[in-house]
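Quick notes on the structure that follows.
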Amino acid sequence: LRKKEEKMVENFAKEVQQTLNHEQQKDFVAHVTASGMDVSTAVELINAHGYAKTKDIPVDRFEALKNEITFIAKEAANVGA
């Protein structure tokens with residue numbers, strides 16, 4: 001019984017993993033735009049991380065992805081300069 005309970009808790013934790021709410025999704029798109037990155041490039045990036053849409057991004061990955069966008073946009077600007 002103990003193993004079964006542990007498995008149920010594990011499955012529940014996976015289901016409860018918080019993803020971005022509507023405001024955070026809007027903030028993410030605004031960050032992409034402000035960084036100068038094309039939205040289609042940002043979509044490719046989140047897809048490469050295994051997320052279909054911004055609503056699928058876990059909250060704990062939000063800042064890391066925004067930082068990655070900033071880095072990529074700056075690198076692209078330096079290459080084009």
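For the side-chain contact (heavy atoms from CB on, under 4.5 Å) test with V43, the passing option among L45, T41, N47 is N47; the others fail.
Among all heavy-atom pairs drawn from H31 and T70, the shortest one is NE2-OG1, 2.9 Å.
Within the structure, salt bridge (charged side-chain N to carboxylate O under 4.0 Å, His left out) contacts touching residues 18-39 (residues at least two apart or in different chains) are E23-K26, D27-K66. For residues 41-57, no pair satisfies salt bridge (charged side-chain N to carboxylate O under 4.0 Å, His left out), with sequence neighbours left out.
Between the CG atom in N67 and the CD1 atom in I72 there is a gap of 11.0 Å [rounded to 0.5 Å]. Here I57 contributes atom CD1 and F28 contributes atom CZ; the two are 4.5 Å apart, rounded to the nearest 0.5 Å. For the atom pair CE of M37 and CZ of F71, the computed distance is 11.0 Å after rounding to the nearest 0.5 Å.
Residues that satisfy the side-chain contact (heavy atoms from CB on, under 4.5 Å) test with A73, not counting sequence neighbours, are S35.
In this structure the side chain of V59 never reaches within 4.5 angstrom of the side chain of T19, judged on heavy atoms.
Under the 3.5 Å distance criterion, the side-chain polar atoms of Q25 are matched with a main-chain donor or acceptor of L20.
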